[in-house]
Number of protein chains: 2
Amino acid sequence: MAKKRITITDIAREMGVTPSTVSRALAGNNRVGLNTRQRVLKVAAQMGYQPNVLASSLRSGRSDTIGMVVPRINRHFFSHVISGVEALLNPAGFNLLIIQTHEREEHERKAFHTLLRNRVAGIIVSHSVETRDFSHFQKVIDEGVPLVQFDRVSGLIAGPRIVNDNFLGALRSTQHLIKNGCTRIAHFAGALHVNVYQERFDGYRYALEQAGIDFDPALVVENCIIQEAGMEAVTSIVLPQKVDGIFAASDFSALGAIQKLKEFNVAIPDDVKISGFANEPFAEMVEPTLTSVEQNAFEMGNQVAKAVIENIGKEELLSEEIHIAVRLIQRRSSVSDSLLMNSVV
Amino acid sequence: MAKKRITITDIAREMGVTPSTVSRALAGNNRVGLNTRQRVLKVAAQMGYQPNVLASSLRSGRSDTIGMVVPRINRHFFSHVISGVEALLNPAGFNLLIIQTHEREEHERKAFHTLLRNRVAGIIVSHSVETRDFSHFQKVIDEGVPLVQFDRVSGLIAGPRIVNDNFLGALRSTQHLIKNGCTRIAHFAGALHVNVYQERFDGYRYALEQAGIDFDPALVVENCIIQEAGMEAVTSIVLPQKVDGIFAASDFSALGAIQKLKEFNVAIPDDVKISGFANEPFAEMVEPTLTSVEQNAFEMGNQVAKAVIENIGKEELLSEEIHIAVRLIQRRSSVSDSLLMNSVV
DNA sequence: GACAAAAATACAAACGTTTGCACAAAAAAC
DNA sequence: GTTTTTTGTGCAAACGTTTGTATTTTTGTC
């Protein structure tokens, strides 16, 4: 395997200078003469030199790798945040080490260890749904590595937090159902110890309150974010409770509800109106198309990248919380009118 | 930032032994006494020691990081291959550095450079659709880094190739359309310089030939893999040419066709039968549900991981091509019969 | 108890960089 | 023409490990 790699010393020997000069030349240090610098660059290219990042980082104590820990990379939302992060980080000379936790707290802890052992310059994280103990987050900070949280964040941990405006999205979504005539609105909630689901729940309750509709706990389905749960909720809650609107904290459970309701020949949106959350790609493919709250994942990624870059080398993390605006996309699952148009609310 | 980290030397000093003993103890080397080894482990844990992978890799010349370069991480297929790779690689002590190319050859080249600079132990790649020049692949091999290609592979490059049985998938899919009565079958093809699309095209042609149906070049739409292209193809080819079946090399173009045909009130599957490729999640959400060829992405990931592990440290790459079986999933877009059932073909 | 063999540990160099400091040569100032 | 400043380069240590060899300690044998 590994053929002998060209090192800075090889170049130095070849040119009759010292490694330090070569190093400085490659780094663009202006303490080295212009023509030697150019010669070095030429020879390096000629010899096929590839800098050894390991040696460089070890000596300099700096790293150009940022770790990113997410529940899953194949979620529409997360993959777009990743793209947004890359879009700023790569031009800035950093690269991303992505690890998925598959929603397991244990994997999340392991991921943090791996990243710390690899001496990353910073860590970006959206925690797993299992995570309730955030001591590993604190450990990262204690090691002096900047930690940026996004989307699913814990308020107990210092540092930047980039979050969606879940409350407002939920509020607008529920208000939209009310405006369209719903009075018994069920909520498919997520795990309420996770901030995003708690906030969506809060938005839902606030909308009801504002409209003078009594909150009925019987209409809230907890842990209802996957397709199957949405289907079940139809038989267990939606039909028996004569629900006429569903605000789901997830497009997947909304999808399950649509499918199950169709089986029962319940008309959507005439009998039951539905809106989801996250605007998954399938939202405009399902029949009827699904009203949902779109999150600006790419923009969120940009803000995340900005935050992490800003905090590298800082003594103390700046603990700001940045809210990313969301917009409600109205589709056929909640509006019968064929004059329907997408509208930003 | 970076508080002082505990090193092996700190532990050694604390215990009154030398760093080499600590190193060997942590590595589980049996040249160090049992009780000192246990003492070292305890003290290390106590002091919160995190090994420095950079220093370790630099000295040992070994790395526990594998690079993976894919067009996009949010494609159903690729994200599942990634999971399959992780499933074997993580337990084996490796971690994955994932880089997406967004289908740009330039990004692919940069990704390779980044990985080589980081001295990864191996590289896994599925090339971008733009890539026609594979000199960067060769460079990786010349550097002595094992390169494993999967799905989209180039036959010009040595080393393991893990591929789907595209030919057979296309063959079965087209035969299925023929069996269900289609005689004028269009093919939505991809870029034919990419092996997967060429193979699907070949399978389509072979099926026609076997069935005694003349191949009509007018029914082949090149570069038709995205949704919009599928919609366009309906007006430009499908309707004017009185096509009664479509074998699409991509679920996305198949989806576009379904949507457009519905606009024209063409009955699916009665007037036109459609089958796609890749079994994207939306295939069973769209109306009518879409017949497609499922690829065993997770299994492919396993094979990829196996291949890369096997080839680390090898002098010469073993150039085997492994084919992963696919299966046709029959849905309503191609079968009117309500007695339809998923069948492995 | 002397001696060899085996086991445990220490020593020191190496991996490929970066970087503070020393130093020489050239340029500028007097 | 000497001194000062600037500019360019070299020297050598350091980053935190790993590892071949040397050395010490322990164990076993007679």
Return the orientation label for the Phe137(B) and Phe134(B) ring planes: parallel under 30°, perpendicular over 60°, tilted otherwise.
perpendicular
Using whole Å, report how far CG of Asn35(B) lies from C1' of dT26(D).
12 Å
With heavy-atom distances below 4.5 Å as the criterion, would you say the side chains of Val81(B) and Met68(B) are in contact?
yes
Which part of the nucleic acid does Val53(B) contact within heavy-atom distance under 4.0 Å: base, sugar-phosphate only, or nothing?
nothing
Any heavy-atom pair between the side chains of Ile157(B) and Gln138(B) that's under 4.5 Å?
yes
Contact class for Thr18(B) (heavy atom, under 4.0 Å): base, sugar-phosphate, or nothing?
base
Return the angle between end axes of the helix from dG1(C)-dC30(D) to dC30(C)-dG1(D), with five pairs used per end and rounding to 10°.
40°
What string of B, S and - do you get for nucleotides 18-24 of chain D, 5' to 3', if B is base contact, S is sugar-phosphate-only contact and - is no contact with any protein heavy atom under 4.0 Å?
BBBBB--
Distance, nearest 0.5 Å, that separates CG of Leu26(A) from CD1 of Ile11(A):
6.0 Å
Using the salt bridge (Lys or Arg N to Asp or Glu O under 4.0 Å) rule, collect all pairs that involve residues 90-107 of chain A, keeping only residues at least two apart or in two chains.
Glu103(A)-Arg152(A), Arg104(A)-Glu106(A), Arg104(A)-Glu130(A), Glu105(A)-Arg109(A), Glu106(A)-Lys110(A)
Are a donor atom and an acceptor atom from the side chains of Ser23(B) and Ser20(B) found within less than 3.5 Å of each other?
no
Test item: Glu108(A) and His127(A) side chains (from C-beta on) under 4.5 Å apart, heavy atoms:
yes
Using 30° and 60° as the class boundaries, would you call the ring planes of Phe150(A) and Phe78(A) parallel, tilted or perpendicular?
perpendicular
For Arg37(B) and for Gln50(A), locate the closest nucleotide of DNA chain C by heavy-atom distance; then report the residue assigned to the nucleotide nearer the 5' terminus.
Arg37(B)
For residues 51-71 of chain A, which residue pairs pass the side chain to side chain donor-acceptor pair (under 3.5 Å) check, not counting sequence neighbours?
none
Mind checking if Asn29(B) touches a base, just sugar-phosphate, or nothing, with heavy atoms under 4.0 Å?
nothing
Please collect all salt bridge (Lys or Arg N to Asp or Glu O under 4.0 Å) contacts where either partner lies in residues 6-15 of chain B, sequence neighbours excluded, each pair once.
Asp10(B)-Arg13(B)
Nearest-nucleotide 5' precedence on DNA chain C, Arg119(B) against Leu34(B)
Leu34(B)
Students should find that the nucleotides of DNA chain C closing off the region near chain A, any atom under 4.0 angstrom from a heavy atom, are dG16(C) to dA22(C)
With a 4.5 Å cut-off on side-chain heavy atoms, are Val196(A) and Asn164(A) touching?
no
